[in-house]
Amino acid sequence: MCRKYEVVQGQKGVPIKAWTCDVAFEQAAKQQLLNIAQLPFVYKWLAVMPDVHLGKGATIGSVVPTVDCVIPAAVGVDIGCGMIACKTSLTASDLPEHLGAIRSAIEQAVPHGRSARARKGRDKGAWGEIPHDVSCAWRTLAPVFDQLQEKHTVLRQTNNVNHLGTLGTGNHFIEVCLDEKDSVWFMLHSGSRGVGNRIGTHFIELAKKEMERWQIQLPDRDLAYLPEGSELFADYMQSVVWAQNYARINREVMMQRVIQAVQKVLHRTFEARVEAVNCHHNYVNREHHYGNDVWVTRKGAVSAKEGQLGIIPGSMGAKSFIVRGKGNPESFHSCSHGAGRVMSRTQAKKVVSLAEHLAATQGVECRKDEAVIDETPAAYKPIDKVMAAQSDLIEVVYTLKQIVCVKG
DNA sequence: ATGTAC
């Protein structure tokens, strides 16, 4: 048994508390965290989750509490990226033996992959009609977006409504899972798509320009920050909160599509939201910690307040977990957002064979081709170790195993 | 992660 967290202390700056017992913690990620720890406005310490790995600017799997400042690159470009999961009244015996039809129905119901709704047959570039459910959902987002666009004209060139209800690519996925009592769950991972990306990129650039204007030296240019009280800070907060809402609603729209698609295939209705969780893991939030209101940026980390439910997905062949927060103040009420990568996408494609991928995804109705090897289970840390390393942050409520996986 | 340029 080891200590609950490892403390890394640089020459300058706040300590780093890392819940990395028995899991990989690359030197490069450590160095990146030491850079962040040097910033004078970091509150108390950095909390590092067991799925930690190197990111751009800020480290994936880190919790950065700040006073009077935010770092747009710490939130990143996939603003509001996160997970939604629903427990249904179905059990394994309600599903057909062959799951191909369910997978196809989901693939048809939710646009996924590049360009999503834009590409219909050979009509590349021509946007399809906006479906009714999407236009309804957009209505709650439109007013603030109109305001944002007026001032930040780069946002006019985004796909905004056209991407709402679409999954995206990379590690964004949809799964049908069974829990330990054979209840059927739907779970999906997605974010704020093109428009959130544009907002993130835009404000990261603006923050860098501000640093140059004020001649502020940073350990890493990507750590450019915006000070509270400035107009840019206010604009960023309005934009980032909007993108976080977009992402949450995006997941909600897709979940509803998945439910309807499966009901259609099974020719029956069922209760689809026996329990439901919808949580961000790339976001900034105003929170109260140790007696002060601070900004908490979670980049690849999930809120784990006492009693709060969260989702920690494993890779496409591994288990996932519905967890309940223990409200550990030292982690600023946080837990990991997944298993965390152990190798880059390019490395995975080089190192992992198709045979290995087939073995690792046995029994899962999913893609088995070369193009998906960057997402193969071997590219990720073993989820059981990651879970063990954060046993003082969360408890497991449900253990899920996927039977269908749709990758973007 | 994404859209776009190469």
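Below, chain A is the first sequence line, B the second, and so on; all start at residue 1.
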Rounded distance (Å) that lies between atom [atom2] of [N] and atom [atom1] of [X]:
X: A/H280; N: B/dA1; atom1: NE2; atom2: C1'; answer: 17 Å
X: A/N159; N: B/dA1; atom1: CG; atom2: C1'; answer: 14 Å
X: A/M83; N: B/dA1; atom1: CE; atom2: P; answer: 13 Å
X: A/D374; N: B/dA1; atom1: CG; atom2: C1'; answer: 12 Å
X: A/L54; N: B/dA1; atom1: CG; atom2: P; answer: 14 Å
X: A/R345; N: B/dT2; atom1: CZ; atom2: P; answer: 10 Å
X: A/H337; N: B/dA1; atom1: NE2; atom2: P; answer: 9 Å
X: A/D78; N: B/dA1; atom1: CG; atom2: C1'; answer: 5 Å

Can you check whether [X] has a side-chain N or O nearer than 4.0 Å to OP1 or OP2 of [N]?
X: A/T201; N: B/dT2; answer: no
X: A/R193; N: B/dT2; answer: yes
X: A/R198; N: B/dA1; answer: no

Listed pairs under 3.5 Å, donor-acceptor, residues 218-225 of chain A side chains, sequence neighbours left out:
from	atom 1	to	atom 2	distance (Å)
A/D220	OD1	A/D222	N	2.9
A/R221	NH1	A/E212	OE2	3.0
A/D222	OD1	A/K208	NZ	3.0
A/D222	OD2	A/K56	NZ	3.3

**Message:** Could you tell me if A/H281 and A/H189 have a donor-acceptor pair between their side chains, going purely by distance under 3.5 Å?
**Reply:** yes

**Message:** Run the side chain to side chain donor-acceptor pair (under 3.5 Å) test against A/W242 and tell me which residues pass, sequence neighbours left out.
**Reply:** none

**Asked** Would you call A/K151 and A/E231 a salt bridge, taking side-chain N to carboxylate O under 4.0 Å as the test?
**Response** yes

